[in-house]
Amino acid sequence: MTPLLSVDGLTLKTGDKTLVSDLSFSLGAGERMGLIGESGSGKSLTAMAVTGLLPKSIVPAGSILLDGRQVVGTPERTLNGLRGSSVAVVFQEPLTALDPLMKIGRQVAGPLARRLAREGKSPSRREVEREVLQFLDHVALPQPERIANSYPHEISGGQRQRVAIAMALACKPKLLIADEPTTALDVTTQAEILKLLDSLVRELGMALLFISHDLPVVATVVDRVTVLRNGRAVEEGPVKSVFDQPRDDYTKTLVEAARSFDNALEGTA
Amino acid sequence: MSAAEELTPATVSSERKSRWSPTLTIGLILVGIHVVLALLTLFWTPYDPASMTGGRLEPPSFAHWVGTDRLGRDFFTQIMIGSRIALIVGAGAVAIGAAIGVTIGLLAAFATRLLDDALAATLDILIAFPTLLLAMLVVAASDSASLWTAILALGIAMSAIVARLTRILAKRVLQNDYITASRTSGTSWPGVVVRHVLPNIWPTLSVNFALQFGIAVIAEASLSYLGLGAPPPNASWGRLLQEAQGTVYTAPIGAIAPGIALVTLVIGINLLADGLRDIGDPTRRVSR
Amino acid sequence: MLSLFIASLVLFVLLRLLPGDPANALLSVGADPRQIEAAREQVGSNLPLGEQFLRFLGNLARFDFGNSFISRAPVADEIAARLAVTLPLALLGFILAIAIAVPLGIVSAVKADRWYGALISTVSQLGIAIPVFWVGILLVMAFAINIRIFPSGGFPSRGWHASVEALRALTLPVLTIAIVMSASLLRYVRAATLDVLGSDYLRTARALGAGFTEAFVRHGIRNGAVPVISILGIELASTFLGAVVIERVFTLPGLGSMLLLGIEQRDYPNVQGVLFVSTLLVLLVGFAADLVQRLIDPRLRDKVGAGS
């Protein structure tokens, strides 16, 4: 069976600087993979490349096959059709990722109504509202009605991120890309969101591409990882073996750093 | 930084290499032409500005490149002098505006809450009045129309904007920890101002001054147009345009040439300001 | 309210700073001592300053600006008549400027990489370097002298009763204002649009399947409008006060020329009246802009007394 996402020899350049070089990985339906690297390693760019949302100054080369369609060099109209149905993204900054002037309910209704139209249904406004509330409830938001009627600045960061996840889920995508979804949150909320993502992805049978700089965080949610450094893949494999026996030096330093931090925490716990 | 910019760290470093932009070059050329013309008038002009040698309102010819005005004076000479006037006005107004504005702005930044609020409110009101109007009032107050009155008027009018900008910038600088560090190590307040505040606010202020220069030139032209500026032979372009308006049917060049001179100077100044801004802060999006 | 008070104070101070006993202005008109004393009485320059200010405030509240020194007619009446010229001029120019600047500004931002996007941006750079009176003169040269479509100046003496004439008289002035204002407005619209284009919420909408136009219209327009509206307020305010120059170019009997004449003739009640009304208009516009902003942006509603 062809993988859901197949990235082959992806190279991203801007001017004469190469940001990502010769990156290859693939993801099957329902599989979960982590993309790890520091800032500037090109991981977020890869996510943008997969969805076809690279800024004009960055030129992609290589091949990205998403749900059977080529992404690189494809006209916008086709790409637009892929977004939402084949892939959806949850971003890092929950405050700025939501329209500050629009109520939450309406914002979730957008992608939701689009998906319903895609499925050939034409629901009434009430039906859409009901489903919006259902999704808000599904991401474990308390008092979905109150939240739906609120503006982004009136709810907390963790709640906003749940809303972002709800919006992505409302599309019922085959692949969910999570780009540092918990980095901007405090540790407790981080754990909750990770758990939520884990259960939802499992329940809905979506594929997950989890991007982060935080190895331990990623390890809890995915089965495989690819480690990026300066735009190159330096190691990849099942998360347990990469964690326990890292082969590449860079990966070793990452694992070491994470471990010593945990040890320090345990020491003071 | 916008989302797109965050994902492209590479563009920042590549822009840092090329600070010199075509904007800056064109700006320098345009302003340079006027500076040269202005300096030239100190020694030589094609004709004596006051001499009425040519016929009245003659069209451009070999003898008179831009023709003559209604009294027979060479028009090109008048325009050259206009360059000198415009540059003097711009420089003078900005200097005065800066002197007054920066002082008040700094005082406001250091002042107590109440005084600062009152100053801020007053500044906002003054800024709501267009530069031109304030300048008009000052000129009227001085009872005579001369070049220096106009410069003073414009300087005073613009000082409010400079003051507000200085206040905001200085306050921002003062909030930093290194100020407290400096104070605890014994630097007096004036020392803090000289050593920390001024150098930090200078880049933004200087770009603002450059833009104000252009605004001053246009404002002075408007003042002269309204009859509140200096009369010939110290006439500015605004005055020339005012005189030309009456005879625009017979001698259209009179209403066009000074305008072109003015526009080229102001565009040059604006481009220069944009270029300076890009030099001072290369991490920002390039001006166009 | 506080702003109005401070404005009155500033006005009062500014006017008192103008040299010469106001009454002296009448000497040039050949008045007798009784008239001068009456003028002094009216202006109150024979009273202590504090009392003068209180009288000043009281009169302002009743829109009693006194009588013109020159014409002896009530200032308020004159202002009302001239407002009938200046207000439509400013408003029409403003509306036209928005109609030009908003679409062009958006286009120049969205299509910044195309030649026409860059062209619009360049032209607007030019636009802010041109003095408004020159634009007026050029328009007069083009449309009133070479091709005689519009009058080169003046306003029908019957005012708006001769509505067609009045509109024709205002066409070129309105066009002048619109051209100059749209140049500077365009740059703000362009900047706001660029911010929207780079925003995270737009990226989210597109990542979830919204087409560019749909995402822009649904989210971008309102978000982009917020900073533009405060600028609009300032620009409209400047137009009221800056009409002086336009009215001189086109010889229109508006507030601006009243101010200019008043200053030249030391007609203090006139000057005072015009400045007060203008300030009032400016503050009203600012207030309206603030209101609209709060309507659009829910974040501003929670803070009490938000805004500078």
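Naming convention: chains lettered A, B, ... in sequence-line order (proteins, then strands); numbering from 1 in each chain. What you see is a predicted model, and the numbers here were worked out from it, not measured in a lab.
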Are there residues of residues 74-88 of chain A that reach to under 4.5 Å of chain C by heavy atoms, and which ones?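 When heavy atoms of chain C are the reference, residues 74-88 of chain A contributes A/Glu76, A/Asn80, A/Arg83, A/Gly84, A/Val87, A/Ala88 within the under-4.5 Å range.
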Please step through salt bridge (charged side-chain N to carboxylate O under 4.0 Å, His left out) for the pair A/Arg114 and C/Glu214, ending with a clear verdict. CA-CA 12 Å; A/Arg114 204 175 303 123; C/Glu214 181 195 335; 3.4 Å; yes
Please examine the side chains of [Y] and [X], heavy atoms only from C-beta on, and report whether any two atoms are closer than 4.5 Å.
{"X": "A/Met206", "Y": "A/Leu175", "answer": "no"}
{"X": "A/Asp214", "Y": "A/Thr183", "answer": "no"}
{"X": "A/Ile58", "Y": "A/Met48", "answer": "no"}

Which of residues 220-230 of chain C get closer than 4.5 angstrom to chain A, counting heavy atoms alone?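 Result: C/Arg222, C/Asn223, C/Val226.
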Any residue meeting side-chain contact (heavy atoms from CB on, under 4.5 Å) with A/Thr96, in chain and number order, not counting sequence neighbours: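 A/Thr96 satisfies side-chain contact (heavy atoms from CB on, under 4.5 Å) with A/Glu93, C/Asp200 only.
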Could you verify whether a donor N or O on one side chain and an acceptor N or O on the other, from A/Gln70 and A/Ser63, lie under 3.5 Å apart?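 Yes, a side-chain donor-acceptor pair sits under 3.5 Å.
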Would A/Arg106 and A/Asp99 count as a salt bridge (charged side-chain N to carboxylate O under 4.0 Å, His left out) here? Give the steps. CA-CA 10 Å; A/Arg106 258 193 86 194; A/Asp99 183 341; over 6 Å; no
Tell me, side chain or backbone of C/Leu202 under 4.5 Å from chain A's heavy atoms, or both, or neither?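 Neither part.
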Give, as side chain, backbone, both or neither, the part of [X] having an atom under 4.5 angstrom from any heavy atom of chain C.
{"X": "A/Leu53", "answer": "side chain"}
{"X": "A/Lys56", "answer": "side chain"}
{"X": "A/Arg118", "answer": "neither"}

If the condition is salt bridge (charged side-chain N to carboxylate O under 4.0 Å, His left out), which residues does A/Glu131 pass it with, not counting sequence neighbours?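 Applying salt bridge (charged side-chain N to carboxylate O under 4.0 Å, His left out) to A/Glu131 gives A/Arg115.
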Side chain of C/Ser121, backbone of C/Gly117: donor and acceptor closer than 3.5 Å?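 No; zero donor-acceptor contacts below 3.5 Å.
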In this structure, are over 12 heavy atoms from other groups packed under 6.0 Å from A/Arg146 atom CZ?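 Buried by this count: over 12 neighbours within 6.0 Å.
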Applying the side chain to side chain contact (heavy atoms under 4.5 Å, CB included) test to A/Leu176, which of A/Leu197, A/Leu200, A/Leu204 qualifies?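 Single side chain to side chain contact (heavy atoms under 4.5 Å, CB included) partner of A/Leu176 among A/Leu197, A/Leu200, A/Leu204: A/Leu197.
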